[in-house]
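Below, chain A is the first sequence line, B the second, and so on; all start at residue 1.
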Number of protein chains: 2
Amino acid sequence: MNNVRFATSLHILTLLTYMKDELLSSEFIAGSININPAVVRKEISNLRNNGLIESKEGKGGGSRLAKPASEIRIADIYKAVKPASVLGKSNTPNPACPIGKDINQHIDNLYQDTENFLLKKLENMTLEKFTKKFS
Amino acid sequence: MNNVRFATSLHILTLLTYMKDELLSSEFIAGSININPAVVRKEISNLRNNGLIESKEGKGGGSRLAKPASEIRIADIYKAVKPASVLGKSNTPNPACPIGKDINQHIDNLYQDTENFLLKKLENMTLEKFTKKFS
DNA sequence: TGTACTGTAATAATAAATATTACAGTATGA
DNA sequence: TCATACTGTAATATTTATTATTACAGTACA
């Protein structure tokens with residue numbers, strides 16, 4: 001993963017956890033992360049599609065957590081933003097080569113195993129626990 | 001990680017393991033992976049800098065493993081190619097925001113923990129074991 | 001000395017990630 | 001009902017990352 005989306009989503013969710021009684025606007029959130037409000041809205045849209053956030057349109061609108069921070073796992077955030085396997089993508093090797101012919105199957109297995117292993121770890125970490133680290 | 005470098009490096013090392021008594025040329029390897037020889041040479045250069053491969057220049061030259069496949073861990077390959085943390089990069093949040101001010105430190109910790117966890121897994125997997133999966 | 005390699009740099013091409021702009025749609029409340 | 005302040009989303013531009021290609025000097029072999 002060579003992007004900033006996990007950090008952005010975690011930042012958004014941390015803010016929502018900290019101010020859980022208010023609806024936060026994309027502009028407010030963007031000001032904290034220091035990025036463009038439209039990017040925040042797109043990321044919120046994704047988190048909403050993943051059931052982590054709910055939003056209210058119109059004046060006075062904004063977003064809040066869709067469920068308690070204790071029920072949002074870091075794995076949920078990771079799954080919502082990851083563009084590829086932890087270990088990356090595959091080539092399209094030469095099928096005429098005995099190694100090339102089969103390697104993608106073995107690589108896929110390795111990727112899957114690694115992914116599952118990582119998810120097990122991230123499933124034991126919650127947003128609540130993360131936000132508690134802030135004094 | 002959203003690139004193909006891990007797969008490319010693993011492919012190279014798998015070939016070298018399978019034909020461990022020969023020096024393989026970048027062109028041969030490129031033919032198996034189905035990519036450009038110069039890309040292979042660049043990847044080999046990286047693996048060589050990481051002590052996994054040794055090469056011989058000139059006519060009849062090529063590359064081979066620098067040590068037995070049983071001593072090359074998947075973690076070594078991963079470390080050699082990864083461009084960023086498993087979870088990605090960070091933003092540069094607003095220091096005037098109480099959350100923004102501290103979040104990068106906490107995110108860095110999370111990234112580091114996750115990384116270490118993953119490495120522990122990958123350190124238990126060797127290139128030898130991987131190549132044994134080929135019939 | 002010709003040949004077949006590596007090593008590496010420069011450049012080009014493609015793809016991914018991020019930023020920006022714009023605007024329709026929606027809810028609020030004066 | 002209308003001005004206002006939001007969201008949602010698309011279109012586009014910009015920037016950065018990734019991969020491919022070309023070129024060529026250097027090296028070793030026969």
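- Contact annotation for Asn2(A): backbone-only contact, meaning every heavy-atom pair under 4.0 Å involves sugar-phosphate atoms and none involves a base.
- Computed from coordinates, the Glu54(A) CD to dA27(C) C1' distance equals 16 Å when rounded to whole Å.
- In this structure a side-chain-to-backbone donor-acceptor pair under 3.5 Å is missing from Asn50(A) to Leu52(A).
- Distance CZ (Arg41(A)) to C1' (dT26(C)): 13 Å, rounded to an integer number of Å.
- Expressed to the nearest 0.5 Å, how far OH of Tyr111(B) lies from CD1 of Ile107(B) amounts to 5.5 Å.
- Here chain A contacts DNA chain D (any atom closer than 4.0 Å to a heavy atom, that is under 4.0 Å), and the contacts span dT4(D) to dT18(D) from 5' to 3'.
- Between Tyr18(A) and Phe134(A), the ring planes lie perpendicular to each other; the angle is over 60°, past the 30° to 60° tilted range.
- With rounding to the nearest 0.5 angstrom, the OG1 atom of Thr8(A) is 11.0 Å from the CD1 atom of Ile44(A).
- Scanning all heavy atoms of the two residues, the minimum distance from Val81(B) to Glu43(B) falls at CG1-OE2, 4.0 Å.
- Each of Glu57(B) and Lys59(A) was assigned the nucleotide of DNA chain C with the nearest heavy atom; the assignment lying further toward the 5' end belongs to Glu57(B).
- In this structure, Lys82(A) atom NZ and dA16(C) atom P are separated by 15 Å, rounded to whole Å.
- Nearest-nucleotide mapping onto DNA chain D: of Ile35(B) and Arg48(A), the residue sitting toward the 5' end is Arg48(A).
- Between dA19(C) and Asn36(A), no contact under 4.0 Å exists linking OP1 or OP2 to a side-chain N or O.
- Considering only side-chain atoms of Ala38(A), the nucleotide from dA17(C), dT26(C), dT20(C) that sits closest is dT20(C).
- With respect to Arg64(B) and Glu54(B), a salt bridge is recorded, a charged nitrogen being found less than 4.0 Å from a carboxylate O.
- For the pair Lys42(A) and dT18(C), the criterion of a side-chain N or O lying under 4.0 Å from OP1 or OP2 is not met.
- When all heavy atoms of Asn94(A) and Ala96(A) are compared, the pair lying nearest together is OD1-N, 2.8 Å.
- A straight line from CG of Asn46(A) to P of dT18(C) spans 13 Å, rounded to a whole angstrom.
- Within the nucleic acid shown, Ser63(A) has no heavy atom closer than 4.0 Å to any nucleic acid atom.
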